[in-house]
Amino acid sequence: MSESTEKKMVRLRSSDGEVFEVEESVAKVAKTLQDMLEEDCADAVIPITCVRAPILTKVIDYCKDQVMISSSSSTTNNPNERTEQERKAWGQKFMEGVDSSTLCELLVASNFLNIEGLLNLGVDKMVSMIQGKYPQEIRDMFNVVNDFTPEEEEEIRNQNAWAFERDPYYKKRSSSK
Amino acid sequence: MEMAMSQLPEDILLDILSRLPKKSQRRSQVVSKEWRRLITESAASFSTVRPLDQGFYSYIFDAASFLDEVKFYCLDSKGGYELRHWLPISPFCIWSVSGSTNGVLFYSKMIDYSQGKFSYHLHNPVTNFSADLYPPPNPFVSKGDNFSTGSGLALDPDSSSHYKFILVYTPCGGFGMTRSCYPKIAIYSSETGEWETKLAMFDSDSRGLLDCGCWSRSVYIKGSLYWNYYNELLVIFYVKTEFFRVIELPYSRNSDYDGVVWESEERRVNYCQVCEFKGLSVWVLDDERAEKGSKWRRTLNVSLEELDSEFGKAIGRLDMSTAGGPCQRVTGVSAFFEHHQIVRLRSTEGIVSYDIAEKRMSMVKPGSYGSEDEVPFTFTKFDLPAAADHHVVLGKGRRTSTKRKSVQLEASDLEHP
């Protein structure tokens, strides 16, 4: 009995040196960490080299929530259990206010740590951010450099004219003269 | 802050881009060379995993067996069609398949021929929810029948768990006679479970006098019902205020071709029509209160020559330039599936589908179009589970609620392997 009350803790270190102590069950939500822990390197601090502290905090929040849902699911009448809809709403709330660069970092982190649920949330969020935006807005949002020549760009636009109706950010080269 | 999109692993970026709607994909091609390459790649290797959102009902009446059936199709990611569900309600005796809102089908049955009494029925093939509505008699006629000129279902699972069903009554009901009148409306509210009949009110600057007869199928978009009135006018009914407004359609002349009012991807009103001389056009309703002429904005045009030549290829007849006009021709638009960039067209040879991006037409349902009819529908994005729950709520106390949950389609069922 005493063994189960004392939960095993794991320490994670972010790329900027901050150390987080979390329960083992929380860390194991990340498949990458699960594999590591099963190969037994529990005492040491696990360095997460590509994830900054604020991002790691968010990732840990997600993992804690996953543990909370699943830990009590074996008992009947679990108050934490969510319907499909609630899950969706929770995911939306979790991603609320996340800006594009944080989102990129979150995606990289969940990819590295192999957390499928979080990765999916991130991809959905990204899709909703890109959808309906004009190319220039997308470039601004994600720091993408436009490496097309104006001629090339205009040709692609002409090929798909229906998708570009009324792009307020685009001026044809000839008209700008 | 220092992280940029370019640092994302390629497979994640590929996943993101492949989940975008077609229009966004096309647009995003000019973001950068990298994006263009990935989008081209994603189009080739991935099928879109967007959940089910568009499709159509197909109504078939078999005159020989006297059985009618309604099939439920959804568009798949490649723009093809897939049978998703059978809807075997038999004996069916459908009078007319009246329309569909958020995927929920509504149709009418004649329940008493001698008195001209109809009942209306709602059906959601995903949840198997159904409701039977028995409207009050048409107040214009003494006999007690309830022929109606137009019908519409207002249902928005995003904002409310209730629906309203609207019938428009005129003196000669649903029959083809034309006589101008101020219509009356009967509204059923699922909240109260009651019908209410009242005189139709019109916004001050729109004409209140409409010919009776049979209005087209209604389309429900964001709180309003829309009817294409003889390809000439757009009748709008604001469900909340219960006012009507009538405005001109962009190509406002009595046309041979049937146009369709449809919901755009941004949940706005689209009007899609084949016009004499001009070909296939899609307009979007910018502002219904604007001055004449600036209400509609054309967003797409396919020339008649192109349409004709593609139609010729689709029916296997290469020369469409018959003197005196070909008798084989496209007769109207049935639906415009904006996400898939597909227009479904009726023709003398059956139903054809035109892929705008690929510029290709294909025959999807050969045959004369009399015995078979289609009711296309659109789900607003991701509201399928909401719609499903909604119907459990609607089923108040009926034994439909618990058991039927199991037949809900899961989003994963709808994805392609």
Side-chain angles (χ1 to χ4, degrees), chain A residues 50 52 54-55 83-88 92 99-112 119-120 122-139 141-149 152-157 159-167 170, chain B residues 1-9 11-36 39 48-50 157 265-266 282 284 286 297-302 338-339 341 356-357 359 381-386 388-390 405 408 410-411:
Chain A
C50 61
R52 295 187 307 124
I55 307 299
T83 64
E84 179 70 17
Q85 231 176 335
E86 282 166 334
R87 221 161 46 77
K88 213 169 256 176
Q92 257 170 20
D99 64 37
S100 54
S101 70
T102 311
L103 186 55
C104 286
E105 287 188 79
L106 261 179
L107 282 170
V108 170
S110 47
N111 187 51
F112 171 73
L119 191 64
N120 272 330
V123 168
D124 281 348
K125 172 80 182 177
M126 198 65 112
V127 169
S128 74
M129 282 170 100
I130 297 175
Q131 208 170 330
K133 293 232 168 36
Y134 289 104
Q136 191 51 47
E137 293 176 288
I138 299 172
R139 286 183 208 125
M141 196 162 60
F142 298 108
N143 295 322
V144 184
V145 179
N146 180 7
D147 49 4
F148 285 110
T149 66
E152 284 172 333
E153 178 166 351
E154 200 177 328
E155 200 195 321
I156 303 169
R157 281 176 185 262
Q159 282 167 9
N160 302 284
W162 55 268
F164 288 104
E165 41 123 350
R166 280 206 166 184
D167 183 343
Y170 180 68
Chain B
M1 284 95 253
E2 66 275 10
M3 175 72 78
M5 194 85 174
S6 53
Q7 278 157 276
L8 279 183
D11 55 332
I12 296 183
L13 195 50
L14 197 60
D15 188 21
I16 292 166
L17 296 177
S18 69
R19 289 197 209 184
L20 286 173
K22 244 185 183 178
K23 190 166 178 174
S24 274
Q25 281 186 358
R26 298 276 167 154
R27 259 189 206 173
S28 307
Q29 282 187 29
V30 300
V31 168
S32 73
K33 286 184 175 161
E34 166 87 351
W35 277 49
R36 181 166 161 82
I39 288 169
T48 322
V49 286
R50 211 175 126 114
E265 200 147 46
E266 280 115 28
V282 177
V284 61
D286 262 342
R297 172 164 56 87
R298 180 143 61 172
T299 59
L300 182 90
N301 191 241
V302 179
E338 192 181 9
H339 170 65
Q341 289 289 316
I356 294 166
K359 300 190 177 197
K381 217 175 82 185
F382 298 135
D383 64 1
L384 192 58
D389 280 7
H390 168 71
K405 257 193 157 169
Q408 285 179 24
E410 294 294 334

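Reckoned from all heavy atoms, side chains included, excluding hydrogens, waters and symmetry mates. In what follows, every chain begins at residue 1, and chains take the letters A, B, ... in the order their sequences are listed. Because the structure is predicted, anything quoted here is derived from the model rather than measured.
- Scanning all heavy atoms of the two residues, the minimum distance from Glu152(A) to Lys33(B) falls at OE1-CE, 3.7 Å.
- Across all non-hydrogen atoms, the minimal contact from Val30(B) to Arg139(A) is O-NH2, 2.7 Å.
- To the nearest 0.5 angstrom, Gln29(B) atom CD is 11.5 Å from Glu153(A) atom CD.
- Looking at Gln136(A), neither its backbone nor its side chain comes within 4.5 Å of chain B, counting heavy atoms on both sides.
- Contact annotation: the side chain of Ile16(B) approaches that of Leu107(A) to within less than 4.5 Å [non-hydrogen atoms, C-beta and beyond].
- What you find for Ile138(A) and Ser28(B) is that their closest heavy atoms are CD1-OG, 3.7 Å.
- Considering all non-hydrogen atoms of both residues, Phe148(A) and Arg36(B) come closest at CZ-CD, 3.7 Å.
- You'll find the side chain of Met126(A) reaches within 4.5 Å of the side chain of Leu8(B), heavy atoms only.
- Leu103(A) does not touch chain B: none of its heavy atoms, backbone or side chain, sits under 4.5 Å away.
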